[in-house]
Novice: 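Take a look at the following structure, please.
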Amino acid sequence: MVFIEPPFPFELYGMNYNHGATEKKWQNLWNEKKSFEAKEDPSKKKYYVLSMFPYPSGRIHMGHVRNYTLGDVVARLRRAQGFNVLHPMGWDAFGLPAENAARERGISPKDWTYDNIANMRGELKRIGLSIDWSREFATCDVTYYKQQQKLFLDFYKKGLAYRRKSFVNWDPIDETVLANEQVIDGRGWRSGALVEKRELNQWFFKITAYAEDLLQSLSTLDRWPEKVRLMQENWIGKSEGAKVFFKLTAPIARAGASPAPAADAERMVTIEVFTTRPDTLFGASFIALSPGHPITAELAKNNTKLADFVTECNRIGTTAAAIETAEKMGFDTGLTVAHPFIAGKTLPVYIANFVLMDYGTGAIFGCPAHDQRDFDFATKYKLSVIEVIAQKGEKQPLPYTGDGVLQNSGFLNGLDVATAKKTAIEKLKSMGIGEGVTQFRLRDWGVSRQRYWGCPIPVIHCKACGVVPVPEIQLPVVLPEDADFKKGGNPLDNHPTWKHVKCPSCKADAQRETDTCDTFVDSSWYYARFCSPKNDAAPITKSATDYWLPVDQYVGGVEHAILHLLYSRFFTRAMNETGHVGLKEPFAGLFTQGMVCHESYKDEDGKWLYPEEMEKRPDGTAVNVKTGRPVTVGRVEVMSKSKRNVVDPGRIIDAYGADTARLFMLSDSPPERDLEWTESGIDGAWRYINRLWRLVDDENLDLPPINEKIEGAPAEGALKLKKHIHKTIARVTDCLSRFAFNAAVASVRELTNLLQEYESHVYKVGTAAVLVSNNKDAAQPDAGMMLKETKDQRIIYREGVETVAKLISPMLPHIASEMWEKLGHKTMLVDEAWPTPEAALLVDNVVTIAVQVNGKLRATIELPRDCAKDKAEAIALAQDSVVRALNGSQPKKVIIVPNKIVNVVA
RNA sequence: GCGGGCGUGGCGGAAUUGGUAGACGCGCUGGAUUUAGGUUCCAGUGGGGUGACUCGUGGGGGUUCAAGUCCCUCCGCCCGUACCA
């Protein structure tokens, strides 16, 4: 784990390639020539490459390097292929960590953020990305969030933003709202106080208005990973089912003194249940309400045991994972409801911790025989289990969730599940106690955050006028810079003056909204802002977005597969509806990359160690560099600061160069999979960079002039090499276009090997080279042929090396550029066109065919391409190994796949 | 819990549509050059067997002339789960 510290003594190892100077040289040149500045040009086909912008935590990490290298490969490839490429970069700069830093270290969130950005920008630039830095912005720039406030108001006017009550995690000691990640085992991470659920008025975006469209349009996103589309589909969670009204056998006496509104009073006599299984109504054995259900709240007023139970349930927290993995608990209310179909039958009403208030109606009926959760619950509380679906075939233990024929179900008996569902719904409807409904799991997007470091929501609360939007000419609503972070709560709310304003409508004293936006709002439209980042008059410049959008290739982590991407899709629809953009789907192509992992190390005391703090001994043991004490080598895990299994990209770039870091990121693991960072891997990458350099850095290289052509047909050896070059072009182009970057690198390496091997078999004599056969006994070609061969080979060798430089350039832009220059070119490689293979060179006239007997490989034979089937069969059957395997028996059948395989079935 | 993904030599992985499993690299072994080597070059390298062969893509089962690839099932690990970004 000991790295060579910079400056790297490259000449010590016979290396002539100085990555430090070379990388700097090309980065400066690209910058001077503005090589990557994008301009709208309707005469050219555009290509918009976007890598998810980073949160400015202060340092870049390997995950960033991977993400941006992947995006850069695409951007550089498309650029070489003649597209007008937009490849921007910015900062997802609002959010909690800045506020935490302010609280812990007394730095202002703004200074902390912009310092981090300055530092990270420098680190990013060293990777050598083909980014148009002139378009850079941060979401915390007033110029950006001003436009976001306009969008918010436009959404509000269209009814796409609204306010309602919703629960938050409340820390009673710090008097602040906690994020889910700040709640640990039901307690506040700093105060340790038991977290309470508190209901607050909050802002929501009406994403559910587009639920159906967001679902349907997934099928048009054919360049998205199937898994992401599936995850979104499940997240939206469309389900067909029924609402059923269960009548309470005794209405609940309301505890409150004030008269309840009529609709609410109605709720106290019936329980509205959503179910996807109305067919199993005859198997119902209980009703369960969410702890957050209005009836639960009403009952808890007069029942301390129930109130305690609800408190207990709330302690689990607000996350679905916690609620659903918690042990199933129920509270028998003693109430009963009438069964809708069976006269005289009643069902007990429970409060259950696994019933979510946010989904359906917050109430379910339980049919234990045909649902796992209901079954578990019924077992625990000894409720009846009535089988209403007769299983097909071999009987399985309950619960049974498959199809079958209805039984014990009155008018549904004999029907299959699908028909029974329909019939039950019709019956419910005719009885006036239910109806068929389509339900979505998707909930509206809560965007309110009771925090300082976010985009202020631009509304004013007036006692007389209610919610009043801030007039557009008064935008932006700017964050105050003198907020106090020492107190608990929301610094905006605590600020002495900021929130006090006059109502824009009646001029009376009023208050600003002190909630800020969820940072997912900021990242939902940044892709569109990159098209015209400087426009101060409007969030979006229509002509610019019409040209550049949609994003052709979006690259980022799978962890964003649902929320960020769904929110962006919603936002684009909302911006479309409010006239800002002319499209609905922001990202035509999506690639989700895997994470960067590393071994983790612990010393004897169980303390995590950084990789550079330990050393591996030849005997396989590991020790602490300083103390010499043994170190336990742990699992390979996602790099994280807490486990200290991180490698700083800056140090790698110092020691080995950006190209080496990029190569390592691209060469071994396929980009969609997790990548394990290893020191030996980086060594291997670094060696390859030096091998590339040796291809061109040779005083005796003796290459023919640029563009010299072969006269007549190429000599045999030259043709072989040329074929390989063109096959490599085809293969690499294909690999790159389908994100098989590791395979693309492998293919270029193969060509490099071949060129190097070829070069080592050639002597240079004067200006001509002489091919030396490996086989001493072979007849040497005559002088004329040799001259032709060597001359052609020199020309092909140049073509080969130039091709290697071009093909590797999206991955390793610095060394590729340097090679190009070394080969005598005056042009910059980044301005060169991507090579195209000659079709005629891609096909071989002799193919290798596998010969199998009963599916087992017995021989391979060489045959002319498209050889006749009977001829192939005859040659295959004549093979010694085939004859042996057949052992005298007659083949029953021979299967021949032309140019691929002959399978003899014995 | 639910949803999604992944699993191939000692290691990372390749195999575009069901058609020669292990490309390319790391590591390792042997050799050459070298005062030296985390340099470079050459050769070898899935397991077993002298060999003909045989066993092999997380486990078990199935479809097929043929399965890493398709189907069923089980196991392990990872991601998301709505206030981390």
Side-chain angles (χ1 to χ4, degrees), chain A residues 2 4 12-15 52 54-55 57 92 94-97 168-169 177-183 225-228 230-231 233-235 237 318-326 328 354 358 372-373 442-451 518-520 523 557-564 566-567 592 594-595 597 635 637-638 667-670 672-676 678-681 683-688 690-691 694 734-735 738 740 742-743 745-750 753 756 760 848-852 854-857 859-860 881 884 892-895 897 900-905:
Chain A
V2 180
I4 295 154
L12 206 72
Y13 301 106
M15 298 296 125
M52 289 179 184
Y55 178 79
S57 57
D92 188 12
F94 275 136
L96 271 179
V168 293
N169 301 310
V177 177
L178 297 176
N180 284 335
E181 71 158 8
Q182 297 174 322
V183 180
E226 183 63 34
K227 61 171 175 179
V228 175
L230 248 173
M231 280 191 261
E233 188 181 324
N234 289 321
W235 185 261
T318 53
T319 70
I323 291 167
E324 295 191 40
T325 46
K328 284 166 192 54
F354 61 87
D358 293 311
Q372 184 66 52
R373 269 195 314 201
L442 181 69
R443 314 198 295 253
D444 275 339
W445 173 14
V447 295
S448 277
R449 296 293 181 270
Q450 294 69 37
R451 307 195 197 288
D518 176 10
T519 56
F520 273 125
S523 55
V558 233
E559 63 272 20
H560 295 293
I562 296 174
L563 292 181
H564 163 61
L566 197 62
Y567 291 152
T592 53
M595 281 162 309
C597 303
R635 313 183 355 199
E637 294 183 75
V638 177
S667 55
D668 276 355
S669 296
E672 68 276 12
R673 231 187 277 181
D674 287 352
L675 170 95
E676 188 196 339
T678 61
E679 318 314 320
S680 54
D683 279 342
W686 176 75
R687 280 203 294 268
Y688 180 64
N690 286 291
R691 275 181 60 192
R694 260 178 269 126
D734 175 56
C735 285
R738 59 187 173 89
N742 54 331
V745 170
S747 191
V748 181
R749 284 188 107 124
E750 224 177 326
N753 291 348
Q756 200 176 18
S760 70
T848 308
I849 287 174
V851 180
Q852 298 179 337
N854 290 332
K856 277 186 183 157
L857 183 74
T860 55
S881 51
R884 258 203 311 277
K892 286 193 191 106
K893 199 170 156 190
V894 179
I895 289 151
V897 181
K900 281 211 170 133
I901 203 162
V902 177
N903 190 11
V904 182
V905 185

Novice: Give a yes/no on whether any side-chain N or O of Arg673(A) is located under 4.0 angstrom from OP1 or OP2 of A14(B).
Specialist: yes
Novice: Identify which nucleotide among G19(B), G1(B), C83(B) has an atom closest to any side-chain atom of Gln450(A), counting heavy atoms from C-beta outward.
Specialist: C83(B)
Novice: Want to know the stems of RNA chain B: at least 3 consecutive Watson-Crick or G-U pairs with distances under 3.5 Å, which are they?
Specialist: B:1-7 with B:75-81, B:10-12 with B:24-26, B:27-32 with B:40-45, B:46-48 with B:53-55, B:58-62 with B:70-74
Novice: Contact class for Val897(A) vs. all strands (heavy atom < 4.0 Å): base, sugar-phosphate, or nothing?
Specialist: base
Novice: Taking atom types as they are modelled, is there a donor-acceptor pair under 3.5 Å from the base of C65(B) to the side chain of Asn903(A)?
Specialist: yes
Novice: When the distance from NE2 of His560(A) to P of G80(B) is rounded to whole Å, what number comes out?
Specialist: 9 Å
Novice: Check every strand shown and say whether Phe520(A) touches a base, only sugar-phosphate, or nothing at a heavy-atom separation below 4.0 Å.
Specialist: base
Novice: Hey, does the Lys NZ or Arg CZ of Arg373(A) hover above the aromatic six-ring of Phe354(A), less than 6.0 Å from the centre and inside 45° of the axis?
Specialist: no
Novice: Of the nucleotides G4(B), A15(B), U54(B), which has the atom closest to the Lys856(A) side chain?
Specialist: U54(B)
Novice: Remember a base hit wins even if backbone is also touched, and classify Val168(A) as base, sugar-phosphate or nothing at under 4.0 Å, heavy atoms.
Specialist: base
Novice: Hey, are the side chains of Val905(A) and Asn854(A) touching, using non-hydrogen atoms and a 4.5 Å cut-off?
Specialist: yes
Novice: For U40(B) and Gln756(A) - does any side-chain N or O of the residue sit under 4.0 Å from the phosphate oxygens OP1/OP2?
Specialist: no
Novice: Take the protein atom CD of Glu676(A) and the nucleotide atom P of G10(B), then report the distance between them rounded to whole Å.
Specialist: 16 Å
Novice: Just to confirm, is there a sub-4.0 Å distance from OP1 or OP2 of U39(B) to any side-chain nitrogen or oxygen of Arg694(A)?
Specialist: no
Novice: Once you round to the nearest 0.5 Å, how far does CD of Gln756(A) lie from CZ of Arg691(A)?
Specialist: 4.5 Å
Novice: From CE of Met231(A) over to C1' of U81(B), roughly how many Å is that when rounded to an integer?
Specialist: 11 Å
Novice: Taking protein heavy atoms under 4.0 Å as touching, what does nucleotides 20-34 of chain B look like 5' to 3' if B marks base contact, S marks sugar-phosphate-only contact and - marks none?
Specialist: B--BSSSS-------
Novice: Met595(A) CE to G4(B) P: how many Å, rounded?
Specialist: 18 Å
Novice: Enter the distance from Leu96(A):CG to Leu178(A):CG here, rounded to the nearest 0.5 Å.
Specialist: 9.5 Å
Novice: Looking only at atom P, what distance separates C28(B) and G22(B), rounded to whole Å?
Specialist: 24 Å
Novice: May I ask you to say what Ser448(A) touches in the nucleic acid, namely base, sugar-phosphate or nothing, with a heavy-atom cut-off under 4.0 Å?
Specialist: base
Novice: Walk me through it: do Asp683(A) and Arg687(A) pass the test salt bridge (charged side-chain N to carboxylate O under 4.0 Å, His left out)?
Specialist: CA-CA 6 Å; Asp683(A) 279 342; Arg687(A) 280 203 294 268; 5.5 Å; no
Novice: Measure from CG on Asn180(A) to P on U81(B) and round the result to the nearest Å.
Specialist: 9 Å
Novice: Using the C1' atom as the point on both nucleotides, what is the distance between C78(B) and G25(B), in whole Å?
Specialist: 25 Å
Novice: To the nearest Å, how far apart are Asp674(A) CG and C79(B) C1'?
Specialist: 9 Å
Novice: Quick one: on RNA chain B, does Val558(A) or Arg373(A) contact a more 5' nucleotide (nearest heavy atom)?
Specialist: Arg373(A)
Novice: If you check the Asp92(A) side chain, which of A85(B), G19(B), C65(B) turns out closest?
Specialist: A85(B)
Novice: As an exercise, state the distance from CG of Leu563(A) to CE of Met231(A), rounded to the nearest 0.5 Å.
Specialist: 11.5 Å
Novice: Under the rule syn = chi within 90° of 0, otherwise anti, which is G62(B)?
Specialist: anti
Novice: Nearest of C53(B), G3(B), C65(B) to any side-chain atom of Arg884(A)?
Specialist: C53(B)
Novice: Could you tell me how far apart Leu178(A) (CG) and C84(B) (C1') are, to the nearest whole angstrom?
Specialist: 13 Å
Novice: Just to be sure I understand the rule, does Ala561(A) reach a base, reach only the sugar-phosphate, or reach nothing, if contact means heavy atoms closer than 4.0 Å?
Specialist: nothing
Novice: If you measure from CG on Asn903(A) to CG on Leu857(A), what distance do you get to the nearest 0.5 Å?
Specialist: 10.0 Å
Novice: Could you tell me whether the side chain of Asp674(A) and the main chain of Gly594(A) form a donor-acceptor pair under 3.5 Å?
Specialist: no
Novice: Checking all strands, does Ile895(A) fall into the base, sugar-phosphate, or nothing category for heavy-atom contacts under 4.0 angstrom?
Specialist: base
Novice: Write down the distance separating the C1' atoms in G46(B) and A14(B), rounded off to the nearest Å.
Specialist: 15 Å
Novice: Tell me whether the side-chain N/O atoms of Arg449(A) come closer than 4.0 Å to OP1 or OP2 in C83(B).
Specialist: yes
Novice: When we call it a touch if two heavy atoms are under 4.0 Å apart, what does Trp445(A) touch: a base, just sugar-phosphate, or nothing?
Specialist: nothing
Novice: Do Thr519(A) and Tyr55(A) come within less than 4.5 Å of each other through their side chains, counting heavy atoms only?
Specialist: no
Novice: At under 4.0 Å between heavy atoms, what does Leu442(A) touch on the DNA or RNA strands: base, sugar-phosphate, or nothing?
Specialist: base
Novice: Is there a side-chain contact between Thr319(A) and Val183(A) (heavy atoms, below 4.5 Å)?
Specialist: no
Novice: C1' atom, G38(B) versus G27(B): distance in rounded Å?
Specialist: 13 Å
Novice: How many whole angstroms separate atom CG of Leu230(A) from atom P of C2(B)?
Specialist: 17 Å
Novice: P atom, C6(B) versus C83(B): distance in rounded Å?
Specialist: 28 Å
Novice: Using a 4.0 Å heavy-atom cut-off, does Val904(A) contact any base of the nucleic acid, only the sugar-phosphate backbone, or nothing at all?
Specialist: nothing
Novice: Any side-chain heavy atom of Val558(A) sitting closer than 4.5 Å to one from Lys227(A)?
Specialist: yes
Novice: I'd like the P distance from C42(B) over to G80(B), given in whole Å.
Specialist: 46 Å
Novice: Given side chain to side chain contact (heavy atoms under 4.5 Å, CB included), test Phe520(A) with His564(A) step by step and report yes or no.
Specialist: CA-CA 6 Å; Phe520(A) 273 125; His564(A) 163 61; 3.8 Å; yes
Novice: Identify whether any heavy atom of Met52(A) sits under 4.0 Å from a base atom; if not, whether one sits that close to sugar-phosphate; answer base, sugar-phosphate or nothing.
Specialist: nothing
Novice: Could you tell me the separation between the CH2 atom of Trp235(A) and the CG atom of Leu230(A), rounded to the nearest 0.5 Å?
Specialist: 15.0 Å
Novice: Considering only atom C1', compute the distance from G59(B) to U8(B) and round it to an integer number of Å.
Specialist: 15 Å
Novice: Does Pro225(A) reach a base, just sugar-phosphate, or nothing at all? Heavy atoms under 4.0 Å.
Specialist: nothing
Novice: For atom C1', what is the distance between G10(B) and G60(B), given to the nearest Å?
Specialist: 27 Å
